[in-house]
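Note sheet for the following structure.
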Amino acid sequence: KGSLYYAVKNEGAFLIEKSETKKRLQVSKKIEFNEMTLAVSRSHRSKRMTQLVEHFDFKEELSHGSVGLKVGFLAQKLADIYVHLSPHTKFWDTAAPQIILEEAGGKLTDIFGKKIRYNIIDVRNHNGILSSNGVSHDKAVEHLRSLLTEFGRLKIKTYKK
């Protein structure tokens, strides 16, 4: 679509759209879920995701494909949070978006709030993805906890190489 997201460690995250000059990215500062926009997958809506949306009472949803683009929406303040419950994303879906989001002030972990470890043999994000504007991250992890228990979703142990 003519847009390029990029980041440099300790120097920020940026967006260049259609040959324009670069624009520094910064996440929102929203804390209340009912004021937030949730980035959602346009083709992966599950019953559990519907329950999650109702549980959090988000203000609105922004639907799109691609983990990277949805995380980019957080860096642009177009969305405030993104939750991917399933274990079907891979490291190449999250590695670059993670540094871009973090350099824009956000946070990306698994759905249990734990750091994603990229130094393991299996390249799947077994424990899902939680991306946020950072200031709401711990609150989102806590809010997710009861839902994950209800879903019977347990943290999967991952092992180093």
Side-chain angles (χ1 to χ4, degrees), residues 1-46 48-86 88-116 118 125 127-148 151 153:
K1 304 274 182 188
S3 298
L4 171 70
Y5 294 93
Y6 74 96
V8 177
K9 184 79 170 157
N10 300 318
E11 293 184 26
F14 305 90
L15 172 65
I16 300 173
E17 293 182 288
K18 299 182 179 147
S19 303
E20 293 181 17
T21 59
K22 71 180 179 183
K23 174 172 66 171
R24 182 177 281 275
L25 298 174
Q26 187 66 42
V27 296
S28 77
K29 301 293 182 203
K30 294 178 184 174
I31 297 173
E32 301 303 322
F33 299 125
N34 64 0
E35 297 174 1
M36 291 183 180
T37 298
L38 172 70
V40 295
S41 296
R42 71 173 158 223
S43 60
H44 304 294
R45 188 61 166 236
S46 67
R48 288 182 174 173
M49 184 53 72
T50 299
Q51 288 175 269
L52 181 143
V53 170
E54 291 169 359
H55 181 79
F56 276 81
D57 190 30
F58 292 112
K59 179 181 177 183
E60 60 186 319
E61 296 178 34
L62 177 60
S63 177
H64 207 285
S66 171
V67 170
L69 287 175
K70 287 185 285 273
V71 173
F73 293 157
L74 273 67
Q76 282 184 268
K77 293 185 191 174
L78 298 175
D80 308 288
I81 193 165
Y82 167 52
V83 182
H84 190 94
L85 294 170
S86 86
H88 299 298
T89 64
K90 307 227 177 2
F91 290 170
W92 50 81
D93 295 313
T94 55
Q98 182 172 357
I99 187 65
I100 292 166
L101 182 62
E102 289 174 356
E103 285 297 315
K107 190 168 183 179
L108 190 149
T109 65
D110 69 20
I111 58 177
F112 299 94
K114 302 299 180 194
K115 183 178 178 177
I116 294 177
Y118 292 104
N125 291 309
N127 293 306
I129 302 167
L130 171 60
S131 301
S132 77
N133 60 9
V135 295
S136 65
H137 203 86
D138 292 342
K139 183 178 174 183
V141 169
E142 184 63 34
H143 213 66
L144 266 172
R145 188 168 289 133
S146 64
L147 271 180
L148 297 175
F151 297 161
R153 185 73 155 80

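Residue indices begin at 1 and follow the sequence shown.
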Of all the heavy-atom pairs spanning [X] and [Y], show the shortest one and how long it is.
X: Ala75; Y: Leu25; value: O-CB, 3.4 Å
X: Ser63; Y: Arg42; value: OG-CB, 3.0 Å
X: Leu130; Y: Ile111; value: CB-CA, 4.1 Å

Open item on the list: Strictly by salt bridge (charged side-chain N to carboxylate O under 4.0 Å, His left out), give each pair with a member in residues 76-86 just once, sequence neighbours left out.
Closed with: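 Listed once each, the pairs are Lys30-Asp80.
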Has [X] got a side-chain atom pairing as donor or acceptor with [Y]'s backbone, closer than 3.5 angstrom?
X: Arg24; Y: Leu15; value: no
X: Asn133; Y: Ser136; value: yes
X: Glu103; Y: Ala13; value: no
X: Lys23; Y: Ile16; value: no
X: Asn125; Y: Lys90; value: yes
X: Arg48; Y: Phe151; value: yes

Open item on the list: Please enumerate all residues that pass side chain to side chain contact (heavy atoms under 4.5 Å, CB included) together with Phe58, with sequence neighbours excluded.
Closed with: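 Per chain and number, Phe58 pairs via side chain to side chain contact (heavy atoms under 4.5 Å, CB included) with Phe33, Met36, Leu38, Leu52, Phe56, Ile81.
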Open item on the list: Suppose we screen for side chain to side chain contact (heavy atoms under 4.5 Å, CB included). Which residues come up paired with Ala96, at least two apart in sequence or across chains?
Closed with: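 For Ala96 there are no side chain to side chain contact (heavy atoms under 4.5 Å, CB included) partners, ignoring immediate neighbours.
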Any luck finding a side-chain donor-acceptor pair between [X] and [Y] under 3.5 Å?
X: Ser66; Y: His64; result: no
X: Tyr118; Y: Thr94; result: yes
X: Thr109; Y: Lys115; result: no

Open item on the list: How long is the straight-line distance from CG of Leu147 back to CG of Leu85, given to the nearest 0.5 Å?
Closed with: 8.5 Å
- [ ] Describe, in one word, how the ring planes of His55 and His143 are oriented to each other, choosing from parallel (under 30°), tilted (30 to 60°) and perpendicular (over 60°).
- [x]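 Geometry flag for His143 against His55: tilted rings.
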Task: Lys139 atom NZ, neighbour heavy-atom count above 12 within 6.0 Å - done: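 Atom NZ in Lys139 is packed in, count exceeds 12.
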